[in-house]
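Contents: one structure, followed by commentary.
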Amino acid sequence: MSATVVHSLWTTTAADGITKIPAPNIEYAQLSPVLIVLGAAVLGILAEAFVPRRGRYHTQLFLSVVALAAGFAAVVGLAAGGYGTTKKHIAAMGAIAVDGPALFLQGTILLASIVAVFTFAERKLDPEAHGNRVDSFVAQAAAVPGSDTEKAAVKAGFTTTEVFPLALFAVAGMLVFPAANDLLTLFIALEVFSLPLYLLCALARRKRLMSQEAAVKYFLLGAFSSAFLLFGIALLYGYAGSVSYAQIAEVVNGTVQNVDPALAETMGNDALLLIGGAMVLMGLLFKVGAVPFHMWTPDVYQGAPTPVTGFMAAATKVAAFGALLRLLYVVLPGLRWDWRPVMWGVVIVTMLGGAIVAITQTDIKRLLAYSSIAHAGFILAGVIAGTSDGISSVLFYLAAYSFVTIGAFAVVTLVRDAGGEATHLSKWAGLGRRSPLVAAVFAVFLLAFAGIPLTSGFSGKFAVFKAAADGGAGVLVVIGVIASAIAAFFYIRVIVLMFFSEPKPEGPTVAVPSALTTTAIAVGIAVTLVLGVAPQYFLDLAGQAGGFVR
Amino acid sequence: MENLIALLIAAPLLGAAVLLCGGRRLDRVGHWLGTLLAAASFVIGVVLFGDMLGKSGEGRSLHQHLFSWIPVEGFQADVAFQLDQLSMTFVLLITGVGTLIHIYSIGYMEHDERRRRFFGYLNLFLAAMLLLVLADNYLLLYMGWEGVGLASYLLIGFWQHKPSAATAAKKAFLVNRVGDMGLSIAIMLMFTTFGTFAFGPVLSSTGDATEGKLTAIGLMLLLAACGKSAQVPLQSWLGDAMEGPTPVSALIHAATMVTAGVYLITRSGAIFNAAPDAQLVVVVVGAVTLLFGAIVGCAKDDIKKALAGSTMSQIGYMILAAGLGPIGYVFAIMHLVTHGFFKAGLFLGAGSVMHGMNDEVDMRKYGGLRKYMPVTFVTFGLGYLAIIGFPGLSGFFSKDKIIEAAFAKGGTEGWILGAVTLLGAAITAFYMTRVMLLTFFGEKRWQPDDNGHEPHPHESPKSMTIPMVILAFGSVFAGGFFSIGDRFLHWLEPVTGHSHGNPPVSATTVTTATVVVLVIGVAIAWFMYGRKPVPVAAPRGSLLTRAARRDLLQDDFNHVVLVRGGEHLTRSLVYVDHTLVDGVVNGTAASFGGLSGRLRKLQNGYARTYAVSMFGGTAVLIAATLLMRAV
């Protein structure tokens, strides 16, 4: 469907009668991962409406896990069918790309989501309330915190099982986000996964006000950034006369064939391109949490229910970096000399800013939030390498990082005192003496964050830094290593705190989790060690997935 | 035939492995096993020697390539052996004297509960020493060099329960490290200069290198030799090394290991021949040590330390000879071999005396022992006559040749060196006569020890006396056997080369002079120690005597200059580390912490602030992008 047809539709209504809009050609099989997850989400909503309250938890958990697993199977099937390499193409009338990076990232998101859903479903950490088992989520979201309604809801044993379909909707959006091949699809995917996340952030069972504050902040700032993104999209449309990635790239490269005379006047106006491009970039940098668009991160990470934080920190980052990669490698490669210096600046302040501010944090969740900002900087260093090695190193890093993150936040949910999770660092003192296993597991995750060899953090960091250095960004690598050194300080400090400080008498206890959280943590450890000790197979896999369809 | 070479080393190495890993169940047979394997190595050596004699002079060198050790592009290190006349001489000396000393040790160490371990170390030493002299390249030689250093360390400190022994072992090890550094630097220089460190290519292409480089290599090799052979300025460890069991002193610190430096210089003759400056330094070191050791030997009352001073002095002769170049190489090695016989014999005699005297080492508490220990007296006496150069005995021939060669150096140098070697001969005669008189002549001076045990001097068992007798034969006849018809010269000449030089005085004159100074030395000693009774307590003595008793203040010098200096350096480095380095590190950490604290305040919790940050960020992003396009 070309712009010409649309144009004539508006101007010659009477003359031709109604021109039929051709039915879009949709490759359902190739979109099956997204469709499965979306379908399950809809089913989940129906379950909320029709399944009795007692049965909802199990129904939802079953539905979510099965849907995510089926989605992953579909991704594997597509990859095995060569859609990642030889048969990569753009499906759904140019809207969604099916290629190596998209499939790799979708697989990562789906796997990480399964693990995250396990932590969502954990119901053994808190003591039972009125004989009902409770999870991390509020009994009734609409009840005012501290009100009688809330107490009644708790007493009645309500649970917010809507979190599962919400998570599924978010996952579906995330699956589309890195695969989106035009700006409108990109925007829609962004909103599809953002809105459920805003809601999920507000649903903490404890410290509800903080949770709601986090959600409102996230929503406001998210809306603000969406506005920028949307405005950027408009400017890019003005520049290229299209929202399709391929077409914008053609105009940028000056290889465009058929120019619509009505658009010829504004087409190719570089001011539109540069301003629009910068604004779209900003929208994506907001999602990955790059400085100076990062300020929501600590507040939201701290306020959101910890399982949601883990999910966001892992899956959102994967999706957003995927979209960023595609934008920079498919749409804007012709502008490399314009965006690279600017991105250099962003990378430097992100790496250093995240690492430096983390030093003085006293809350473990905020600490991990700043750590995620620093990591965003490291990944960005790989993103701007501008080579296929850069792509594959980023893919690998994202896979490695997401499992470490979910695992780490899952451990955070275990350390509890009377007020719920004991997130203040002072309470973690001497944890290694009381619960050596949990502390050791957390230490492994911290070492992986710090990038110590034999953990996935080292393999990933090595890959992105190598790609960046080969891509001519040696200075960035030096700064990245310095930032890593700074970051190592606060990771190791937590380890020292856990193992070499005296436990406090009224310190927190470590809850014994059910098999769900145990599995999540075990998977995190396993992936961390496997990718650290024997990363080659996965590096190869990411290397094969390193080509975008154009 | 050449396949036997590896077996020479393998036999004692096997012994070391079995004895050291075998545990207590080998305690009862360990010493026999060790001795047997040493003897096996000697037998293989003799077989190879017989084979070598059957060949003509030039074709006698055997070569065995065992395996590639470090095969790297442009860096080839092989485990390969070279057995020529020079190596053969050492093999026979090492395995022969080594086997005798193994036998001797069976008796000497009979009451030591760690005897098995002792024999394991001795075997380890033999293997390392054989590796040293059989290696066909400097890297493998270095391995042997370190191996003998290790064995020496283990054996000096064998009685580790004595703090003095442990300290002496550590001292020997540390001083030797200095020399070892020299050898490793020399090997590196060789590699950069010649691209290899195999004997053949290096020694045949000295013409390709500049004299400066060769001098540097030569000096580094000399440093190595000084460490191993206890030459000035790295001589300080040898006296303390006498803390080890006496067989060790005989084998390692008299007959074999300490002569490794002479081997190294002789083996590297081509390098020194092309670097006269390095040669001059070698000669100076030899001359200085020759006198140094002799003077120290005069003042010591400890029989083993007196002999240690003598060893140092005799090796000084060898180093001096080796430094003379082709005039001296053969005589250096010849003196080395004869010295191996008589000095090992003297040490074994000293051990025998100590064995009978409750391990007393102070010669002032001996006296008149000739009646109690006739065999020891005779063998020790023959060794004594050999070392002072009594006409007709071994030392006479070999030392006389070195003195001749020193004069033959020519010019003022020749006269000075000749005078020094003659003076050394006189002092040797003096201090050895002193040892002889104090130990075996005069009245008995021993007294009950603190526990009231009076020593009952007695002759040692057969296992100890037989080796002494055999070595005494060597001390008497070896020199004559080597010299008559210039046998040794013809044997070694194909390897080391030889030239006669231009002696300014005739050989007869030199020999006469040697005999004259010998008589003078003996006479003075008799005048001082034989004519009148010797006091049990040492007299205060002259300034020189007191200095010599303290090893001519070598330890004081090392302590003040090196130890204190090192301590000061360490302290100042620690200070720099604490203030400057830690200051920078802690300062950096503190500044990042401060920065963190200030940046943290930006995160004030207000969504409006965050929005402003995003807005500002976007503005900067856009502006920067546009700016990039503009420039």
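These numbers were taken from a predicted model, which means no experiment stands behind them. In what follows, chains carry the letters A, B, and so on, assigned in the order in which the sequence lines appear, proteins first and then strands, with residues in each chain numbered from 1.
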Please lay out, stage by stage, how B:Arg177 and B:Glu146 fare under the test salt bridge (Lys or Arg N to Asp or Glu O under 4.0 Å).
CA-CA 9 Å; B:Arg177 297 313 303 165; B:Glu146 293 294 308; 2.7 Å; yes
Interchain contact, A:Phe293 with chain B, by part (heavy-atom threshold 4.5 Å)
both
Which label fits B:Tyr138 and B:Phe199: parallel for a plane angle under 30°, tilted from 30 to 60°, or perpendicular past 60°?
perpendicular
Which bit of A:Ile486 comes within less than 4.5 Å of chain B, counting heavy atoms only: side chain, backbone, both or neither?
side chain
Spell out the residues in residues 337-345 of chain A that have some non-hydrogen atom less than 4.5 Å away from a non-hydrogen atom of chain B, in order of number; otherwise answer 'none'.
A:Asp338, A:Pro341, A:Val342
Please classify the contact of A:Val349 with chain B as side chain, backbone, both or neither, using a heavy-atom distance under 4.5 Å.
neither
Which portion of A:Phe286 sits near chain B, non-hydrogen atoms under 4.5 angstrom:
side chain
Give me each pair satisfying side chain to side chain donor-acceptor pair (under 3.5 Å) with a member in residues 270-297 of chain A, each pair once, sequence neighbours excluded.
A:Ser194-A:Lys287, A:Tyr218-A:Lys287, A:Asp270-B:Arg629
Can you tell me which portion of B:Leu627 sits under 4.5 Å from chain A's heavy atoms? Options are side chain, backbone, both or neither.
neither
Please output the residues of residues 366-377 of chain A in contact with chain B, using a heavy-atom cutoff of under 4.5 Å, in numerical order.
A:Arg366, A:Tyr370
Output yes when a side-chain donor or acceptor of A:Glu213 lies under 3.5 Å from a complementary backbone atom of A:Gly303, and no otherwise.
no
Could you note down all residue pairs passing ring-ring contact (aromatic ring centres under 6.0 Å, His included) where residues 588-620 of chain B supplies at least one of them, sequence neighbours left out?
none
